[in-house]
Amino acid sequence: MVLKVFNTLGRRKEEFIPVNPGEVRIYVCGPTVYDYIHIGNARAFVVADIVRRYLRYKGFKVRYVSNITDIDDKIINRARDLGISIQELAETYSDAYFEDIAKLNIEKADVTPRATQHIPEMIETIEKLIGKGYAYVADGDVYFDVSKFKDYGKLSGNKAEALEMGARIEVNPKKKNPADFALWKSRKPGEPGWYSPWGKGRPGWHIECSTMAQKYLGETIDIHMGGKDLIFPHHENEIAQAEALTNKPFVKYWLHNEWLTVEGEKMSKSLGNFVTVRDALKMCSPAVLRFFLISAHYRSPLDFNRDALKTAGRNLERLIRALERLNGTPERETRVIEDEVLISEVEAEKKKFEEAMDDDFNTPLAISALFSIARLINNYLNVNKTIEKATKRRVLKIFINLLGVLGIEWAKDKKETRTDELFKGILELLIDVRNELRRMKKWEIADRIRDDLGKMGIILEDAGKETKWMIKSEKL
RNA sequence: GCCGGGGUGGCCGAGAGGUUCAGGCGGCGGGCUGCAGACCCGCUAUACAUGGGUUCAAAUCCCAUCCCCGGCUCCA
């Protein structure tokens, strides 16, 4: 099956063919560590994570690099406001970032380069660009000369001339052209600076990414991802820098995800509707948040709100329940026709899942195949009280693998039963007594026990003679 | 001003020329159950912003209009 991806460069779906057969190199723009990451960041990282997992599922060897921007205006200002050092601030929030993405089950990158640890490489790149006539020095700053790069605007569709018209920023008199962008910024009083041929200063934002991407992934990388806001100017400028340097295509496929809104509005500090991952995780479990984030196609807008989270929780629960139900079903040796049918139908859904993912990572459509699998399992188990061993294994494996592609790990998300033995003992005693009451048809008392426990967050479900209990996780 | 993305059933959300229009949630009805839950079945659902056009056939293509959102400035 052919994987198709929507390439921002060209704005159309293309067949995915990596530069080197069987091997994919991905670069994802990581966070600027001046604050906790928000759910919009999380969407971008989850999408990238799924791209990575699915490519691996398809048999590609994946090398995945995602940077940390630890020097930038926002960091400098924030550190100043808080009265702490830049290093301290960056350290705090990069630690928080790793914690947050780990919770969301986003795999760690193979390499996580930090901007401040690659200053010499950036200086070298800038020197080369100056040498090739693409950049010029102006009073301690270095700017990229957009007019020298023919393809400028090919990613975003913005023309350098048009940018001048719309630009509301005050014109920087050091620039030859308003669209030129800084490769190196001279140090202002109170700011940190690194020694360079142009005096003390620090690198521009764009040069960080292109330099580190090329250092770890080579001159032409397969996939570069990020939120759509990065298309311009960030990615446009990365292309200019990298391609001016090598005369080779910098990135084969550019993938950008749409915005996540909150209650219909874009997140912004001024609206006060910024939702960090940490805030969101007070409302739902990490698995639910992740499941919510992939409930729409990555190129469609998605709105974060309580109802949507609730629905995501129910949906995920439906899948997990079916999985657990199958897992808990007793095995038998003999295979019957129903087993054959189940396997072939589940295999058909697996194929649908793959087709959906092959079509530019269509997660909502892929998820619908998972619902079908859940239904098939439930239907089977409604009639069959046992399942043939190999059938069970096969279906479980498919189900778990497909969930795994989406980064939903059943074992990891198992509700932590933070209950001690004493609690369990008492509860089981209570259930036994209740079942005794049920046998005696004392429904009123039996129901009262179930209802009252329900109010306390403990759910009892009678299935024949057995009674299952679970702690209602408000998070799910 | 220049560029871009959208408007699909009560809600969310796939589909991008053609058999009866995914899937989930919610609601209603039924089955199972002592009841409830979970699960299954059915209905809600002959929906695709509006007006034209192309076509044997249009959510899907074309034109116009309305509305929403975004980029052009740090931003996933």
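Below, chain A is the first sequence line, B the second, and so on; all start at residue 1. Note: hydrogens, waters and symmetry copies are ignored here, and every other heavy atom, side chains too, is used.
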Winner on side-chain proximity to A:Trp443, out of B:G15, B:C74, B:G34, is B:G34
Give a yes or no on this: more than 12 heavy atoms of other residues, nucleotides or ligands lie within 6.0 Å of atom NZ of A:Lys154.
-> yes
Rounded P spacing from B:U65 to B:G26 in Å = 42 Å
Take A:Tyr216 and A:His118 through the test ring-ring contact (aromatic ring centres under 6.0 Å, His included) and record every step on the way to the result.
-> CA-CA 11 Å; A:Tyr216 294 101; A:His118 295 78; 5.5 Å; yes
Counting only side-chain N and O atoms of A:Ser156, is one of them less than 4.0 Å from OP1 or OP2 of B:G4?
-> no
For A:Ile75 and B:C74, what is the distance between atoms CD1 and P respectively, to the nearest whole Å?
-> 15 Å
B:A14, B:G71, B:C40: which one has an atom nearest the side-chain heavy atoms of A:His297?
-> B:A14
A:Ile377 atom CD1 is separated from B:A38 atom C1', nearest whole Å, by 15 Å
Would one find a side-chain N or O of A:Arg11 under 4.0 angstrom from OP1 or OP2 of B:C3?
-> no
Is the NZ atom of A:Lys441 crowded by more than 12 outside heavy atoms at less than 6.0 Å?
-> no
For nucleotides B:C48 and B:C61, find the distance between their C1' atoms and express it as a whole number of Å.
-> 16 Å
What do the steps show when you test A:Glu444 against A:Arg448 for salt bridge (charged side-chain N to carboxylate O under 4.0 Å, His left out), and what is the final call?
-> CA-CA 6 Å; A:Glu444 244 178 73; A:Arg448 201 188 118 198; over 6 Å; no
Among B:A38, B:G5, B:C41, which nucleotide sits nearest the side chain of A:Asn379?
-> B:C41
Winner on side-chain proximity to A:Arg375, out of B:G34, B:C39, B:C41, is B:C41
Quick one: does A:Arg78's side chain have a donor or acceptor within less than 3.5 Å of a partner on A:Val33's backbone?
-> no
Please measure how far the P atom in B:U60 lies from the corresponding atom in B:A64, and state the result in whole Å.
-> 16 Å
Looking at A:Arg318, does any N or O in its side chain come under 4.0 Å of the phosphate oxygens OP1/OP2 on B:G23?
-> no
What integer number of Å spans the P atoms of B:A38 and B:U50?
-> 37 Å
Whole-angstrom distance between B:G6 and B:G10, as gauged at atom P = 23 Å
For B:C40, take OP1 and OP2 only and decide whether either is under 4.0 Å from a side-chain N or O of A:Asn378.
-> yes
Would you classify A:Thr261 as touching base, sugar-phosphate or nothing, given that sugar-phosphate means primed atoms plus P, OP1 and OP2, and contacts are heavy atoms under 4.0 Å?
-> nothing
Hey, which sits more toward the 5' end of RNA chain B by its nearest nucleotide, A:Leu460 or A:Asn257?
-> A:Leu460
Under-4.0 Å side-chain N/O to phosphate OP1/OP2 contact, A:Asn382 with B:C32 | no
So, A:Asn327 side chain and A:Leu323 main chain: donor-acceptor pair closer than 3.5 Å or not?
-> no
Taking the same atom, P, in B:A49 and in B:A58, what whole-Å distance lies between them?
-> 15 Å
Among B:A22, B:G70, B:G13, the one nearest A:Lys228 by side-chain distance = B:G70
Would you classify A:Ala296 as touching base, sugar-phosphate or nothing, given that sugar-phosphate means primed atoms plus P, OP1 and OP2, and contacts are heavy atoms under 4.0 Å?
-> sugar-phosphate
Roughly, in whole Å, what's the span from CD1 in A:Ile449 to P in B:A36?
-> 19 Å
B:G70 to B:G29 separation - C1' atoms, rounded to the nearest Å = 44 Å
Rounded to whole angstrom units, what separation is found between the CZ atom of A:Arg438 and the C1' atom of B:A36?
-> 10 Å
Within the structure shown, what part of the strands sits under 4.0 Å from A:Ile39 by heavy-atom distance: base, sugar-phosphate, or nothing?
-> nothing
Nearest-angstrom distance from the residue atom NZ of A:Lys468 to P of B:C39 = 11 Å
Hey, which sits more toward the 5' end of RNA chain B by its nearest nucleotide, A:Arg325 or A:Arg43?
-> A:Arg325
Could you state the atom-to-atom distance from CG of A:Leu309 to C1' of B:C25 in whole Å?
-> 13 Å
Measure distances between side-chain N and O atoms of A:Asp462 and base N and O atoms of B:G37, and say whether any donor-acceptor pair falls under 3.5 Å.
-> no
Per A:Leu365 side chain, nearest of listed nucleotides B:A22, B:C39, B:G34 | B:A22
Taking only the side-chain heavy atoms of A:Lys74 (C-beta and beyond), determine which of B:G5, B:A14, B:C74 contains the nearest atom.
-> B:C74
Does A:Arg314 put a side-chain nitrogen or oxygen below 4.0 Å from OP1 or OP2 of B:G37?
-> no
Is the shortest heavy-atom distance from the side chain of A:Leu402 to the side chain of A:Glu349 under 4.5 Å?
-> no
Under the 5.5 Å and 30° test, is A:Trp259 stacked on the base of B:G70?
-> no
Aromatic plane relationship, A:Phe181 with A:His206 - under 30° parallel, 30 to 60° tilted, over 60° perpendicular | perpendicular
Same-atom distance (C1') from B:U44 to B:G9, integer angstrom = 9 Å
Starting from P on B:G71, measure out to NZ on A:Lys154 and report it in whole angstrom.
-> 24 Å
Presence of donor-acceptor pair under 3.5 Å, side chain of A:Arg450 and base of B:C35 = yes
Are more than 12 heavy atoms from other residues, nucleotides or ligands located less than 6.0 Å from atom NZ of A:Lys4?
-> no
Out of B:A38, B:C35, B:A14, which has the shortest distance to the side chain of A:Arg321?
-> B:A38
Under the rule syn = chi within 90° of 0, otherwise anti, which is B:A59?
-> syn
Identify whether any heavy atom of A:Gly226 sits under 4.0 Å from a base atom; if not, whether one sits that close to sugar-phosphate; answer base, sugar-phosphate or nothing.
-> sugar-phosphate
Name the nucleic acid region contacted by A:Leu260, choosing base, sugar-phosphate or nothing; use a 4.0 angstrom heavy-atom cut-off, strictly under.
-> base
Residue from A:Tyr34, A:Phe45, A:Tyr36 passing ring-ring contact (aromatic ring centres under 6.0 Å, His included) with A:Tyr97 = A:Phe45
Which nucleotide sits closest to the side chain of A:Glu258: B:G5, B:C35, B:A14?
-> B:G5
For RNA chain B, produce a single dot-bracket line, 5' to 3'. Pairs: Watson-Crick or G-U wobble, both distances under 3.5 Å. Symbols: ( ) within strand, [ ] crossing, | other strand, . unpaired.
-> ((((((((.[[[..)..(....]]]((((((.......))))))....[[[[[..)....]]]]])))))))....
Looking for any heavy atom pair under 4.0 Å, which part of the strands does A:Ser295 touch: base, sugar-phosphate only, or nothing?
-> sugar-phosphate
Specify the separation, in whole Å, of atom CG of A:Leu370 and atom P of B:A22.
-> 19 Å
Are the aromatic rings of A:Tyr152 and A:Phe144 close, with centres under 6.0 Å apart?
-> no
